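In each ligand, atom 1 is the first atom listed, and ligand 1 is the first ligand listed. The structure presented is a predicted model; accordingly, all values stated were derived computationally and were not measured.
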Amino acid sequence: MTSTDLHDDPAGRAVFRPGAPWLDDRGKHLQVHGGGIIKLDDVYYWFGEDRSKDNDPGKRYVGCYSSKDLVHWTFRNQVLKLADPEDFGPGWVLERPKVFYNAKTGKYVMYMHVDGKAPGSTSPYSIASVGVAVCDTVDGDYTYVHKFRPFGCESRDIGQFIDDDGTAYLIFEDRPSLGFHIARLSDDYMTVEKDICLIEAPIEGGAVVHYEGLYYVVGSALTGWNPNPNKYATATSLEGPWSDFQDIAPPETNTYGSQSTMLLKVVGNQATTVIFMADIWKPDTQWDSRYLWMPLEIGRGKMWLPEPKEWTLDLKTGLAEVFTHDT
Ligand code: GAL
């Protein structure tokens, strides 16, 4: 089976199929778990955890794919094939990689959650740091640079936000503060420069979008691989104040079994669609973890994730059409 068989309808429209296997140009399921997307000219690049079954278990991998329509993805490279870079020890963690392009330096800068057992701890999530890797090309082999704790804070799940003015932000969850931060990156993106806001809510899988003059933040509760009701809040500026958090979907669906990773804004000549990008984790068969992408109902301070169904997006107009049948 190829991606065309699975992802085009009889009318030739590219179709998103939430929860279905999502195949690349080679017919392999996409390996971009906990991922993020950047757009360069008219090409989208999707980066995420590559958890292919045949990966070397001692290494951690980041996959990169490209697309012009967000449905058909071409495998580019395993851009990171990293052996334990810091002596984290067995079971070390590399999760939620995100790549930023820095126009000033011409470098591609990857952020990721790196983790392992801190001395004296039994938890493989006790080092709680961000790692940084760089590359001269978007899909080349990235070089690991270093790890750090942003502003000295613990950092687990990370998210990426690029505002309409091009400013780049890292979102990171900080357990001791019972919240998560939005941090502006430094000029060269190699570190964080300003702690814009600590949102005091226990949220991970954090993602932000700027839509019609309002910032929307979305994220999940802290239940590991198990899905929970994801929630959103709004503010007129990233500094806040932020509204209370509200459900994005009927709470009993646990976000239809998914967890947020990014909000992707597609601006067309008639409409702007914001895509909720989420992971449907399969902790015991991670290579088969699925993706749930749906266009959000968003505006005037409200955000709602409709029940997942097949849908299509016209990238020129920006209009999404959700089909009436179930997936
Ligand atoms: C989730 C987190 C994932 C992964 C998982 C491990 O809460 O969002 O990225 O860290 O926990 O249990």
Relative to each other, are the rings of H33 and H29 parallel, tilted or perpendicular (30° and 60° limits)?
-> tilted
Verify the neighbour count for atom CG of D165: are there more than 12 heavy atoms of other residues, nucleotides or ligands below 6.0 Å?
-> yes
Is it true that a side-chain atom of D157 and a backbone atom of R96 form a donor plus acceptor pair closer than 3.5 Å?
-> no
Check each of H113, E95, R156 against Y125 using the side chain to side chain donor-acceptor pair (under 3.5 Å) test, and report the only one that passes.
-> E95
Relative to the ring of F180, is the ring of F245 parallel (under 30°), tilted (30 to 60°) or perpendicular (over 60°)?
-> perpendicular
With a 4.0 angstrom cut-off on heavy atoms, strictly below it, pick out the residues next to ligand 1 and order them by chain and number.
-> E95, R96, Y125, D157, E204, G224, W225, Q259
All side-chain contact (heavy atoms from CB on, under 4.5 Å) counterparts of A249, not counting sequence neighbours = T253, Y256, L305
